[in-house]
Amino acid sequence: MTATMAGPLVGRGLDRIDGRAKVTGAAHYTAEIPLPGVAHAVLVGARIGCGTVRSVDIRAALNAGAIAVFTHENLPRVADIPPQFPSAYGGPAPGQTFFPMQDNEIHYYGQPIAVVLADTFETAQHAAELVVADYDSRDTLVRLDDGRAQQYQPDKIFCGLVPAVQARGDFEAAARSAAHTFDATYHFAANHHNPIECSATAAVWDGDTVTVYDATQGISATQATVAAYLGLSPSHVRVVSHYVGGGFGAKAMMWPHVTLAPMIARELGRPVKLVLDREQMFYGTGLREEQEQRITLTCDEQGTFTGLRHHKLSVTSPFDDWAELSLSVAGQAYGIPNYDGQYRLVRGNIMTPTFMRGPGEASGMVAMECAIDELAEELGVDPVELRLRNHAAIDPESGHPWSSDGYADCVRLAAERFGWSAEQRRAGARTDGNWRIGWGMGTAGYPVYAPGQPQRAHARLLADGSLVVQAGTQDFGTGVGTTMAQVAGDVLGLEFDSVRVDIGDTDYPNIAAAVGSMGAGAISAAVHTACTDLLAQLIELAVTDTASPLHGRIGAELEARDGRLRVRANPAVGETYSALLARNHLIDVEAIGAWNPPDPNAPFGKISFGAQFAEVAVDPELGLVRVRRMVGAFAPGRVLNAKLARSQVLGGMNWGLSQALMEATLPDARDGSWANPSLLEYLLPVNADAPEVDISFVEVEDRVVNPLGVKGLGELGMIGAAAAIINAVQHATGARIREIPVRIEHLL
Ligand code: MOS
């Protein structure tokens, strides 16, 4: 642990700069932006899971007031279907490589077959219900356990970027010589994101240039994607996104509605707004795929892990070889020399799966962490001790040291705050009336990813001493703008209130999509670089200005504090930015900073670590599970804002609860529809489900990942939380749980 790294602003738990606008309704989310003359678009989805559209009858819709209906017969063709690519890497990022209504083929239930336009939303919605399609239906496959499912192994998964087979050492040899082998297969139901704000896109053309308002996690990716589909230069597509009501990955890639709105607006010659309803969110913005993961874990007599086989089988779409990356942290967190990791897929009649909350690791670390607890039980070893003993001292995959670690400190701190006692846990579950009380833990870990291109921000200091910082990022709920003001203020020695932040517009310098917990690292680095450049200009101006009290000094002697440049060793000597600029007849000084992310092949393993503990109460007669307490400790590198960080992790831990006990989308094998596409039947935790949560941060200094050492914590709070709960349920009941989420029927 290092001493505190907080600056005057960075690290403090300052309120969000847009908090008041959000809670008073002054914030306009995409669907709420007033657009004069707008036409409202409503999608109509296919009512079969596989087949062809024979005909679409739109007469009743037109009679009911629709001003236009687009189907495969009259929708323009897209100029290009770009390859699938992650939104954070630059370039177009379609959620899938299939675009609807280009022909009459139906590949998944809910696939758009028509777009209905009307002057009011209500008319459009009513008319959409009157569109009648006639189909030739074919057999539909949506479930992993379907006897017709054909397993295959592509060379690469995840947009063609990750090999489907990964190996080191010799797992088979390790298995032959192991003292103990644990083997189990865990099944995970499909999940859907369900941000509170449903996806929405509005488009307004001005000549040959379109402004797209979109609920997105990546405005630059949206710009590139729309431009590619419509055959435009990105210079003719401006994307604006000032407020986004959550995304969780649903808004990380660009789904067809994002392109349909500007495409149809161009056809109609008037602005168009297209909003998905809650049910359409289950058919229009990706999902976490149904999957099963087999873990075979071997160890020697001392309980030292010797081998891991981690095989994942999951459902993908007819078009793309997508699997979320479930094998990364599970294969790296422990020092396991012999490893066999493989992805296999089954093609189903679903849209292409996508990033979802803690993408990959959220499921991978349930399988791994439940397996470790079961192995610990068989060995008669405390599961906390077993993990500490096996934590990887260096990255076993690359053989390089960690850029920073902190895992053991997280485990010890969280165990202490939880009151973990190996003796008490070994004694078995306590009882409390009808309830049996169980304890469990799980390791948290998430890779530190970085964008593949420079990250930029613009900083402009005005003559009155105020600062404007602009970056082409967007806030999908994390409070990124607030942290930008904190970083900028600290570099230039300004008060928080002297910094204005502009985000959410592709006219600002480019920042990658906020995906995979890389947002805070990328944006803080870009802002830090821009403000450092700006400060260097100001220092140069002062030391070369014969009228400045700082004339002739060297830059290293100076510091920025309280809106002034001053001599560090003699703070009375200095001047304000205002005085410096006024004397030089300058209305402003500005800089665009470009941060180049480090080479991904640099010799370091990069993972944010943490530890999660949970106490559950189970009523064995009723199969009820209540999570009573959760304790988490995390080492995400520099924490930019203590309040925002805590909120992020608090949300993540509750997502872990819902992953463990609630969230499941159930496919109807007859037609490929989801049986529960609503917030009534897709269960999510509410206040009555939420336990007492205790959160700590362990400080680690990371000099590798980015200038401020921000490792990211967007996903981290979720990873390991579900495993801690499931392990606690196993402790309480003795049940061997292999189905996620754990439901009442699994415990009776
Ligand atoms: Mo995050 S699920 O990678 O948007």
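Whatever order the structure lists ligands and atoms in, that order sets their numbers, starting from 1.
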Please write down residue, atom name and distance for the protein heavy atom closest to atom 2 (S) of ligand 1. R357 N, 3.1 Å

Tell me the protein heavy atom at minimum distance from atom 1 (Mo) of ligand 1, and give that distance in Å. E715 OE2, 3.2 Å

Aromatic plane relationship, F282 with H192 - under 30° parallel, 30 to 60° tilted, over 60° perpendicular: tilted

Proximal ligand 1 atoms for P359, defined as those under 4.0 Å from one of its heavy atoms: 2 (S), 3 (O)

Close-contact set for ligand 1 against G249 heavy atoms, below 4.0 Å: 2 (S), 4 (O)

With atoms numbered from 1 as shown, which atoms in ligand 1 lie under 4.0 angstrom from a non-hydrogen atom of F248? 2 (S), 4 (O)

Students should be able to answer this: which protein heavy-atom is nearest to atom 4 (O) of ligand 1, and at what distance? Q217 NE2, 2.8 Å

Within-4.5 Å side-chain heavy-atom neighbours: M356 and N191: yes

Where does the angle between the aromatic ring planes of F319 and F98 fall among parallel (under 30°), tilted (30 to 60°) and perpendicular (over 60°)? parallel

Describe, in one word, how the ring planes of F634 and F697 are oriented to each other, choosing from parallel (under 30°), tilted (30 to 60°) and perpendicular (over 60°). tilted

For ligand 1, find out whether one of its N or O atoms is nearer than 3.5 Å to an N or O atom of M356. no

Could you label the plane-to-plane angle of the F99 and Y229 rings as parallel, tilted or perpendicular, counting under 30° as parallel and over 60° as perpendicular? tilted

May I ask you to check whether G516 has an N/O atom sitting below 3.5 Å from an N/O atom of ligand 1? yes

Proximal ligand 1 atoms for V515, defined as those under 4.0 Å from one of its heavy atoms: 3 (O)

Evaluate the criterion salt bridge (charged side-chain N to carboxylate O under 4.0 Å, His left out) for residue pair R357 and E663; output intermediate values, then yes/no. CA-CA 12 Å; R357 296 188 222 125; E663 289 189 62; 2.7 Å; yes

Could you tell me whether a side-chain N or O of N641 sits under 3.5 Å from a main-chain N or O of L644, the two making a donor and an acceptor? yes

Say whether G247 and ligand 1 are in contact under the criterion: heavy-atom distance to a ligand atom below 4.0 Å. no

